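Take a look at the structure set out below.
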Amino acid sequence: MLKVEIDKALAVLKAGGIILYPTDTVWGLGCDATDEKAVARINEIKGRPADKSFIILLDTDSKVQSYVTEVPDVAYDLIEFAENPLTIIFSGAKNLAKNVINADGSVGIRVVNHEFCTPLIQRFRKPITSTSANISGQPSPAFFDEIDADILAAVDYVVDWEQESRTPKKPSTIMKLGPSGQFSFIRR
């Protein structure tokens, strides 16, 4: 069942489509983080301003350097020892769709440890976007059954995994990390 869902989501991502999928935090809308058209479609689906940046998900910390010009050594320790999902905002984003990157050149990256996301990203071999599955300005749905019908209808594939889960999940901690290792918390 899990492999089948990963295969279906992978095919949609490779075709430039949008998936609605479970993550290590809340349900998300995802696409190829290097595909500007797909990213623009997520903004349309959410009714979200085009200048708002995205979080990208990676399956391993060894890939961070592929999308950031300078990775402070402390980043690897933060990722390894984080007890809860941690998104780190790095400056100097590269190799991503322009509309994923913040106006200041930064990007939020989360290395996931999740039974669906991790193998999906491994097989896709590219980062995927992660933004909460809600209309912009509305609360993030805590559970699958709280996702707006318009979102469900607009995506190319709804992953049939963890839809019945009632395990509470919350958004990740967000930390901004400078090139010299200085950091500040954006969301705890």
Side-chain angles (χ1 to χ4, degrees), residues 1-10 12-13 18-34 38-39 42 45-46 52-68 71 74-90 93 96 100 106-134 138-147 151-152 155 157-177 183 185-188:
M1 170 82 176
L2 178 60
K3 183 183 180 318
V4 170
E5 287 305 304
I6 291 169
D7 289 346
K8 289 177 181 178
L10 184 62
V12 170
L13 291 173
I18 310 299
I19 61 171
L20 173 63
Y21 67 111
T23 74
D24 54 338
T25 60
V26 297
W27 275 80
L29 294 174
C31 70
D32 177 347
T34 67
V39 173
I42 288 181
I45 290 169
K46 287 183 61 106
K52 195 166 182 200
S53 59
F54 281 80
I55 290 172
I56 66 163
L57 302 183
L58 296 173
D59 59 313
T60 175
D61 63 0
S62 65
K63 292 183 182 171
V64 173
Q65 66 212 17
S66 297
Y67 303 101
V68 177
V71 183
V74 70
Y76 298 105
D77 293 333
L78 291 167
I79 293 165
E80 182 179 351
F81 295 112
E83 294 180 7
N84 297 307
L86 173 66
T87 299
I88 300 176
I89 299 173
F90 294 93
L96 295 164
V100 167
S106 65
V107 65
I109 296 177
R110 186 166 76 247
V111 176
V112 292
N113 181 13
H114 184 260
E115 65 183 350
F116 177 81
C117 293
T118 304
L120 174 65
I121 298 164
Q122 277 174 338
R123 291 188 51 207
F124 188 50
R125 296 190 181 118
K126 294 184 197 176
I128 60 174
T129 61
S130 180
T131 181
S132 55
N134 60 312
Q138 299 295 317
S140 297
F143 304 105
F144 177 79
D145 59 6
E146 296 175 359
I147 297 171
I151 298 274
L152 291 167
V155 300
Y157 187 66
V158 177
V159 173
D160 188 13
W161 189 258
E162 292 186 0
Q163 288 186 9
E164 306 299 320
S165 174
R166 299 312 281 178
T167 303
K169 291 184 176 182
K170 59 183 184 175
S172 65
T173 297
I174 300 178
M175 172 187 285
K176 186 165 185 141
L177 183 62
F183 66 88
F185 285 97
I186 309 295
R187 179 175 69 201
R188 285 185 178 219

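As the structure is a prediction and not an experimental result, all values here were calculated from the model.
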Distance (rounded to the nearest 0.5 Å) between Thr23 OG1 and Leu120 CG: 12.0 Å
Nearest-0.5 Å distance, CE of residue Met1 to CH2 of residue Trp161: 6.5 Å
To check you understand the geometry: which heavy-atom pair defines the closest contact between Ile42 and Cys31, and what is its length? CD1-SG, 3.6 Å
Which pair of heavy atoms, one from Glu5 and one from Tyr157, lies closest together, and at what distance? OE1-OH, 2.6 Å
If you count every heavy atom of other residues, nucleotides or ligands that lies below 6.0 Å from Asp77 atom CG, does the total exceed 12? yes
Identify which one of Gln163, Arg166, Glu164 satisfies the side-chain contact (heavy atoms from CB on, under 4.5 Å) criterion when paired with Asp145. Arg166
Which pair of non-hydrogen atoms, one from Ile6 and one from Arg123, has the smallest distance, and what is that distance? CG2-NH1, 3.6 Å
Contacts of Lys169 that satisfy salt bridge (Lys or Arg N to Asp or Glu O under 4.0 Å) - sequence neighbours left out: Glu162
CZ of Phe183: more than 12 outside heavy atoms within 6.0 angstrom? no
Value rounded to 0.5 Å, distance of CD1 in Ile147 from OG in Ser132: 10.0 Å
Heavy-atom pair with the smallest gap, counting every atom of Leu29 and Ala133: CG-CA, 4.1 Å
Looking at residues at least two apart in the chain, or sitting in another chain, which of them share a side chain to side chain donor-acceptor pair (under 3.5 Å) with Thr34? Asp32
What I'd like to find out is whether the side chain of Thr129 reaches to under 4.5 Å of the side chain of Val39, using heavy atoms alone. yes
Please tabulate, for side-chain N and O atoms in residues 80-90, each donor-acceptor pair with protein atoms closer than 3.5 Å (sequence neighbours left out).
unit_1: Thr87; atom_1: OG1; unit_2: Arg110; atom_2: NH1; d: 3.4
unit_1: Thr87; atom_1: OG1; unit_2: Ser172; atom_2: OG; d: 2.6

Between Leu78 and Met175, is any pair of side-chain heavy atoms under 4.5 Å apart? yes
Ring centre gap for Trp27 and Phe144 strictly below 6.0 Å: yes
Going by the rule salt bridge (Lys or Arg N to Asp or Glu O under 4.0 Å), which residues pair with Arg188 if we only count those two or more places apart in sequence or in a different chain? none
Rounded to the nearest 0.5 angstrom, the CD1-CG distance for Ile45 and Leu152 is 11.0 Å
If you round to the nearest 0.5 Å, how far is NE2 of His114 from CD1 of Ile121? 10.0 Å
Between Thr167 and Phe143, does the side-chain contact (heavy atoms from CB on, under 4.5 Å) criterion hold? Intermediate values first, please. CA-CA 8 Å; Thr167 303; Phe143 304 105; 6.0 Å; no
The reported gap from CD in Gln138 to CD1 in Ile151 (rounded to nearest 0.5 angstrom) is 10.0 Å
Looking at every non-hydrogen atom in both residues, tell me the closest pair between Tyr67 and Pro127 and how far apart they are. OH-CD, 3.1 Å
Mind listing the closest non-hydrogen atom pair of Val159 and Ala9 along with its distance? CG2-CB, 4.2 Å
Please report, to 0.1 Å, the donor-acceptor pairs under 3.5 Å made by any side chain of residues 56-63, with sequence neighbours excluded.
unit_1: Asp59; atom_1: OD1; unit_2: Lys63; atom_2: NZ; d: 2.8
unit_1: Asp59; atom_1: OD2; unit_2: Lys63; atom_2: NZ; d: 3.3
unit_1: Thr60; atom_1: OG1; unit_2: Ser62; atom_2: N; d: 3.4
unit_1: Thr60; atom_1: OG1; unit_2: Ser62; atom_2: OG; d: 3.4

Just one of Leu13, Ile128, Val158 clears the side-chain contact (heavy atoms from CB on, under 4.5 Å) bar with Tyr21, so which one? Ile128
Quiz question: by atom type and distance under 3.5 Å, do the side chains of Lys46 and Thr131 form a donor-acceptor pair? yes
Residue list, side chain to side chain donor-acceptor pair (under 3.5 Å) with Lys8, at least two apart or on another chain: none
